[in-house]
Protein chains: 2
Amino acid sequence: MDNTARLSETHAHSSCAVRSRGDDCRFCGVRHLSICQALESDELDLLEKMASDAHFDERAVLFREEDEAGVVFNITAGVVRLVRSLPDGRRQVTGFALPGDFLGLSLEKTWHFSAEAVTGIVACRFRRAAFEDFSEKKPHLLKKMHAFATHELGLAQDHMVLLGRLTAEEKLASFLVEMKRRWSRVAGHEAGLIRLPMGRQDIADYLGLTIETVSRVINQMQRDRRLVIVPDGIRFVDQTYFDDLAL
Amino acid sequence: MDNTARLSETHAHSSCAVRSRGDDCRFCGVRHLSICQALESDELDLLEKMASDAHFDERAVLFREEDEAGVVFNITAGVVRLVRSLPDGRRQVTGFALPGDFLGLSLEKTWHFSAEAVTGIVACRFRRAAFEDFSEKKPHLLKKMHAFATHELGLAQDHMVLLGRLTAEEKLASFLVEMKRRWSRVAGHEAGLIRLPMGRQDIADYLGLTIETVSRVINQMQRDRRLVIVPDGIRFVDQTYFDDLAL
DNA sequence: AAGGGGCATTGATACAAATCAAAAGAACAG
DNA sequence: CTGTTCTTTTGATTTGTATCAATGCCCCTT
């Protein structure tokens, strides 16, 4: 049984103020993926003293658009969807946060998007003000955060091209290639399997499509022997087809 | 005659290595809009010594996607379009840079988008390495750059919602409201006039539409007495209509 | 095993925006 | 002023994707 599935069975303890971290930053599975890679061993010790574990159940809301950002998160397990909503209910999923991803890079006082657990989540949680103070004393951490924010800006631009200029088929291919690339960096992933823990509606809202179109395109790809649909995801059969279509 | 029109008559001197700045940072018209707002008077003097003026003609290319980012720019006059292109010629305009906007916030070694002059441009130019060194010695400048990058990330997310979930009419309304808001911060703008120095194709590529749809929607808005088309831009007649439609 | 609720899939039809095509306007050079 | 070119506008038609409407399929609970 994989890690995320196991975690989704746990219960949320997000209101628990007591530190109860079983792990040590130095052995953290996502350290090499996260902003913590900027820190030396002694700095990690300091950071660890500021951290608390946060667990969220599937469908739990980590925070809402316009909420005050009292804390920031480093996701260690599970998948989070980042959502901007319109008053009439239309949604745009602006991204999926995977293990190693940081929520709160901007250090701004309010969130500008919502974050909802797609699977059970484990995250390293910090009080925003404390994290901000820490980052001001460690310029290389601030620089790393800036590099991460900047990298996200590049991804956001990629996504604009996808939303504005790609066909439904190209959008799906790009999404699947992106997910394959991102999972390949996560420890414990099964090579070849592209996990899709999010539902079809989330994928549709990420790609600016409807759920029906997502379903039709994926199933057509399966009929065309480009991929096979498996429990919890898909597998590429014709990698070249996807590489040629993707952004 | 407005400033930008005058500037578009000048010739590019971007290869000129000699500093020839007629102005003083302390009297810079875009200082309060730009990252320079983070700096004290003595720091501005230092920065000014690093700066050179860059002029670009209409249609000039400031830099291309994948080019090495040897320099960074602070736009002081004119409008620049930021473009990502697909191999088959499809384009997505990811943004328009107006006076006060900074190109190169990321401090990365290569550009990830092209920048093309929509009008004649005047910019403050810095060698990237020198600017980066300076920012490392002035943590409040780095923090300000991070705040600007973070703000752009928010705008990018807004744009994703626009591209993924708005109708053509809503896209145009959002674009026009955005332009009105942004021009209102630029010194010397005429209140009420929404300048649109970019062509219809640029607007289409910014909104994920075709030039025909942009033309049709704007002209329909004029027929419906929502706006009037004037030389070099438009004017709102029914502000409420736009506020209700815009993101 | 049976019932129920949430997703996902599939089919039929509608429609918003793209595409194709041409005319009308601006901008510019000689 | 006059021809040339480029951009914008307008019209006719097509089309990709959305919408509307069932149906199927898990997974969960009892």
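So you know, we letter chains A, B, ... as the sequences are listed, proteins then strands, and number each from 1.
In this structure, B/L209 places its CG atom 11 Å from P of C/dT19, rounding to the nearest Å. Rounded to whole angstrom, the span from the CD1 atom of A/I229 across to the C1' atom of C/dT10 amounts to 13 Å. Note: CD (B/Q222) to P (D/dT8) measures 15 Å, nearest angstrom. In this structure, the CD1 atom of B/I203 is 14 Å from the C1' atom of D/dT9, given to the nearest Å. In this structure, B/E58 places its CD atom 11 Å from P of C/dA27, rounding to the nearest Å. A straight line from NZ of B/K171 to P of C/dA16 spans 14 Å, rounded to a whole angstrom. In this entry the distance linking CZ of B/R223 with C1' of D/dG11 reads 12 Å, nearest Å. Regarding A/Q220, its CD atom lies at a distance of 13 Å from the P atom of D/dG16, rounded to whole Å.
Along DNA chain C, the nucleotide nearest to A/R165 and the one nearest to A/V214 differ in position, and the one closer to the 5' end is contacted by A/V214.
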Original post:
Going through the checks in order, is the side chain to side chain contact (heavy atoms under 4.5 Å, CB included) test met by B/T110 and B/E66?
Top reply: CA-CA 6 Å; B/T110 56; B/E66 319 291 336; 5.7 Å; no
Original post:
Can A/E68 and A/W111 be said to form a side chain to side chain contact (heavy atoms under 4.5 Å, CB included), step by step?
Top reply: CA-CA 6 Å; A/E68 194 172 332; A/W111 297 105; over 6 Å; no
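Taking the ring centroids of A/F73 and A/F102, they lie at or beyond the 6.0 Å cut-off.
Under 3.5 Å, the side chains of A/S52 and A/R125 contain a donor-acceptor pair of N or O atoms.
Ring geometry, B/F236 versus B/F242: the interplanar angle falls under 30°, so the pair is classed parallel (tilted spans 30 to 60°).
Distances shown here put a side-chain N or O of A/T213 below 4.0 Å from the OP1 or OP2 atom of D/dA18.
B/E212 has no carboxylate O lying under 4.0 Å from a charged side-chain N of B/R216, or vice versa, which leaves the two without a salt bridge. Taking 4.0 Å as the cut-off between side-chain N and carboxylate O, A/D205 and A/R90 do not count as a salt-bridged pair. Ion pairing between A/R84 and A/E65 holds under the 4.0 Å rule for side-chain N and carboxylate O.
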Give every pair of a protein N or O atom and an N or O atom of nucleotides 5-8 of chain C that lie under 3.5 Å apart, one pair per line with the distance.
residue: C/dC7; atom: OP1; partner: A/R59; partner atom: NH1; Å: 3.0
residue: C/dA8; atom: OP1; partner: A/R200; partner atom: N; Å: 3.3
residue: C/dA8; atom: OP2; partner: A/R200; partner atom: N; Å: 3.1

Mind listing the N/O atom pairs, protein and nucleotides 20-29 of chain D, below 3.5 Å?
residue: D/dC20; atom: N4; partner: A/E212; partner atom: OE2; Å: 2.9

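Of all non-hydrogen atoms in B/M179 and B/L98, the two that sit nearest each other are CE-CD1, 4.2 Å.
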